[in-house]
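Heads up: the structure comes next, in structure tokens.
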Amino acid sequence: MSADFQNWTSSCQARIETLLESRLPAADCVPERLHKAMRYSVLGGGKRVRPLLSFAAGELALADTDRVMVVAAAVELIHAYSLVHDDLPCMDDDILRRGKPTCHIEFDEATALLTGDSLQTLAFELLAEKCLADEPGTQLEMIAQLAVAAGSRGMAGGQAFDLDSVGKTLSLPELEFMHIHKTGALIRAAVMLGARCNNRLNNNQLGKLDHFAKCVGLAFQVVDDLLDTEATTATLGKTAGKDAENNKPTYVSILGISQARELAEKLQHDAYQALDSFGEAALRLRQVTDFIIKRKF
Ligand code: GRG
């Protein structure tokens, strides 16, 4: 990672942390237990990949950074909610997340459920309270876009498909369908909402950006499956080897390690190709993609 990209990443991560810190209710605000759990689940952890994608897409569109910060925070709150719910005993039943006990272990199951619910609604509160786009109609579309990405036709739907696939053999297209929804939809929303904070890009350019985001979303998941097989629990900050333990179909279980690695590289290539016509303006998007592919956790 170049020093320039490292500095950019650290600065985006620090800014998003400050905004999230200021917008999450204080830990001593009633109901204290719920607010403590919300702060515990969001602050001081995670790679903030989705905010980085929003920032990079916002730079491409020359969008106002204060606007982009808000959409980046909203997407991260949805992501944090999904992790809290995913870790519950009725879903993935995990005890470790971001190097610390999962929300329901540190607090309790009911609090974890309410934490996820409250993080989700806080995301939409942020998106609805200030001007984030040049046209009010565009902002309404952005809010709807995030709602669809997070809901039954996006992330939650992908999760339902995932829970249903345990112990089954999926074809590669079925696995792709699942991940386009479960992880891909939110990554796409992160990119598109960042770009739509300014009305500079035309529909053709937005289409290219969406194709880029779709490739990155899938590449993210392929790398996640590889890491689940190859990395350790200590490096990941979450339990490694969970997919095999839970008998879940993954890119590694279907393709094997080396073909899964090749697929990640092909998706990276396709993602870069989708950015070709943007030239240097898409530098940050290429760098974030590279970071996603090469990450070790
Ligand atoms: C419960 C509605 C609901 C949805 C859950 C996305 C998801 C669906 C669950 C997340 C569980 C998981 C491990 C999915 C695999 C890919 C993924 C999203 C990994 C975690 O994302 P990172 O690596 O995490 O960006 P950090 O901690 O860095 O933010």
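Just so you know, ligand 1 is whichever comes first in the structure, and atom 1 is the first atom listed for that ligand.
- Note: His85 and Tyr81 have perpendicular aromatic rings, judged against thresholds of 30 and 60 degrees for the angle between ring planes.
- Protein heavy atom nearest atom 16 (C) of ligand 1, with residue, atom name and distance: Thr183 CG2, 3.4 Å.
- Counting the atoms of ligand 1 from 1 in the order shown, those under 4.0 Å from a heavy atom of Arg98 are 26 (P), 27 (O), 29 (O).
- Scanning the protein for heavy atoms near atom 12 (C) of ligand 1, the closest one is Asp86 OD2, 4.1 Å.
- Applying the salt bridge (charged side-chain N to carboxylate O under 4.0 Å, His left out) rule to pairs touching residues 139-151 yields Glu141-Arg196, sequence neighbours excluded.
- Heavy-atom contacts of Lys238 reach the following atoms of ligand 1: 13 (C), 19 (C) (cutoff under 4.0 Å).
- Less than 4.0 angstrom separates some heavy atom of His85 from each of these atoms of ligand 1: 1 (C).
- Contact between Gln139 and Leu127 at its shortest, heavy atoms only, is NE2-O, 2.8 Å.
- When only non-hydrogen protein atoms are considered, atom 23 (O) of ligand 1 lies nearest to Lys47 NZ, 2.6 Å.
- Protein heavy atom closest to atom 25 (O) of ligand 1, with residue, atom name and distance, is Arg50 NH1, 2.8 Å.
- Between Asp28 and Lys36 no salt bridge is recorded (no basic side-chain N to carboxylate O distance below 4.0 Å).
- Using a 4.0 Å cut-off between heavy atoms, Lys182 contacts ligand 1 through both its backbone and its side chain.
- Two residues are said to be in side-chain contact when any heavy atoms from C-beta on lie closer than 4.5 Å; Lys214 and Asp210 fail this criterion.
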